[in-house]
Amino acid sequence: MLQQTQVATVIDYYTKWMKTWPTVQHLAMASLEEVNEKWSGLGYYSRGRRLYEGAQKVVRDLGGRMPRTAEDLQKQLPGVGRYTAGAVASISYGQAKGVVDGNVIRVLCRLRRIGADFTSPAVTDALWNLANNLVDRDRPGDFNQAMMELGATVCTPKKALCGECPLQSLCRAYRKVEQDSSSLLSKTVKRRSKTQDVSISDIEECAAAASCPLCLQSGDHWDCSLGVTNYPRKSAKKPSREEQTVTCVWERFGEQGDPEYLLVQRPQKGLLAGMWEFPSVLLEKATTAGEREEILCGRLREVTGSNISVIKDLQLVGEVIHIFSHINQTYLVYYLQSRSIKMKEEEESLRWVTRRQFMESAVSTAMKKILRLCEARGLVSAGAEPPRKRKKDISDVQPPAGRVRADSKQRSIQSFFKVAVKESA
């Protein structure tokens, strides 16, 4: 859950998830529909599906026993990559494996002044080698968590707290900043050339810096005002794809007189796989208003199996913009109300739901935005949200049985690094 998502967002989802499925066996017995419902709103929905598939494989093929090494975790479980495998193996099973996530990348690139694009294969391999070499053999889980925490709280992306960093004396990026601000820069460089590091060579001062795949190249801009935040470097982000989708909030009144909305299930593969949505069509090209309405009407005929003509009843509500990781999606929202309509035989991929059922279904955040837009326009009635449970104060939460609080004799992170040894002049 914490991949690509902040802790504050994850906490409530995690608590509900663990209450519903406390063991891998419980999760394996669930349905994908139930998993999607619990994951609804968290984003990156393939994570929940792969977690579910992994649980099924553990129970079905591995006798309920999780793989115990990073190599087996990555090999045997779907969706488990190098980072997840290393984190689980080191924290849960004590295997001496390093981890490389965004926080660790930042710490290592600054420590070693790795100036090349950190997404390149050469830098990626170098960072993993560094992480595996540095990890403490006795307490790999504590070390990896400390590295991630250091990057998250001290060695931050924009405002690094170098004055509070326990690794300041080992950090080559910090050393460069200090040199740049010193009037004795030339003397400092000359002195350092005579006292090269024996334990760890300085990547920025390697003999083949001009062609080294890890070094900052001569043509790369160095901004003195950024200090250590010049590292790490990455190539310009690829612009997100712009897409338009036409969608319809179709409302009817059920047998009890409550408003209901038509939902359609998305395909089991691809973006938002298996999630539920209002009937929608991705527009492949620029269209006029009349063409959009005809396309949407055709989709409604397709999902209902009825030869309906509802164009004259469609009401344009407005636009909803939703940003996915790689797509800027604009939903052109229409509203349609009907008393009743003859539908094709009941299908598992088609359902009418009340507002409460809608909010509890496996629908994306974008679909919730669309319904709220219709409510704001006064087209549908805004139902009462379920009451939220009061969050417990953290001081009231006791550690789980068998788990102890932080060791008062916890070693400092600096003790995990070998202090540089300098040669005598």
Side-chain angles (χ1 to χ4, degrees), residues 3 67-75 77 80-152 154-155 157 165-176 196-217 220 228 230-235 411 413-422:
Q3 292 176 13
R68 258 40 180 186
T69 66
E71 295 76 15
D72 286 343
L73 283 161
Q74 193 171 350
K75 180 180 178 181
L77 298 185
V80 173
R82 201 171 181 180
Y83 164 72
T84 300
V88 172
S90 63
I91 296 171
S92 298
Y93 304 126
Q95 185 183 11
K97 284 287 184 180
V99 298
V100 175
D101 72 344
N103 291 314
V104 176
I105 288 171
R106 191 161 53 253
V107 172
L108 291 179
C109 283
R110 290 173 183 173
L111 277 174
R112 299 297 303 276
R113 283 176 62 190
I114 298 177
D117 177 3
F118 72 81
T119 63
S120 69
V123 175
T124 298
D125 289 342
L127 291 172
W128 274 101
N129 288 334
L130 280 171
N132 285 323
N133 288 332
L134 288 171
V135 67
D136 184 77
R137 267 50 193 167
D138 296 326
R139 299 174 66 179
D142 289 343
F143 177 88
N144 285 334
Q145 290 182 85
M147 284 287 283
M148 291 186 282
E149 191 71 4
L150 181 69
V154 177
C155 195
C165 182
L167 301 183
Q168 184 194 92
S169 63
L170 303 171
C171 181
R172 286 176 167 77
Y174 181 78
R175 191 184 306 172
K176 175 174 173 56
Q196 278 297 314
D197 206 332
V198 173
S199 60
I200 303 177
S201 63
D202 192 335
I203 289 173
E204 287 293 339
E205 296 170 1
C206 69
S211 59
C212 176
L214 305 181
C215 287
L216 190 69
Q217 300 301 302
D220 293 334
V228 298
N230 276 285
Y231 301 96
R233 297 201 170 207
K234 63 178 179 178
S235 57
R411 292 166 62 190
I413 188 171
Q414 190 164 353
S415 68
F416 289 103
F417 287 82
K418 188 175 181 180
V419 178
V421 179
K422 296 183 178 180

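Fair warning: this is a prediction, and the values are worked out from it, not measured in the lab.
Between the side chain of N133 and the backbone N or O of N129 there is at least one donor-acceptor pair closer than 3.5 Å.
V99 and A131 get closest at one heavy-atom pair: O-CB, 3.8 Å. When all heavy atoms are compared, the tightest approach of R137 to V135 is NH1-O, 2.8 Å. Nearest heavy atoms, L111 versus C171: CD2-CA, 3.8 Å.
Interatomic distance, OG of S120 versus CD1 of I114, reported as 9.5 Å (0.5 Å rounding). Taking SG of C109 as the start and CG of D117 as the end, the distance is 9.5 Å to the nearest 0.5 Å. Atom CD1 of residue I91 and atom CZ of residue F143 lie 12.5 Å apart, to the nearest 0.5 angstrom. Of the inter-residue distances, the one linking T119 atom OG1 with I105 atom CD1 reads 9.0 Å to the nearest 0.5 angstrom. Put simply, CG on L127 and CG on N132 are 11.0 Å apart, with the number rounded to the nearest 0.5 Å. Between the OH atom in Y231 and the NZ atom in K176 there is a gap of 5.5 Å [rounded to 0.5 Å].
Considering only residues two or more places apart in sequence or on other chains, D125 meets the side chain to side chain contact (heavy atoms under 4.5 Å, CB included) condition with R82.
Pairs of residues two or more places apart, or lying in two chains, that qualify as side-chain hydrogen bond (donor to acceptor under 3.5 Å, both in side chains) and include a residue from residues 84-104 are Q3-T84, E71-Q95, E71-K97, S90-N144, N103-R106.
Y174 is not listed as a side-chain neighbour of R110, based on a closest heavy-atom distance of 4.5 Å or more. Contact check for L108 versus M147: side-chain heavy atoms found under the 4.5 Å cut-off. Taking the side chain as every heavy atom from C-beta outward, P166 and L150 approach each other to under 4.5 Å.
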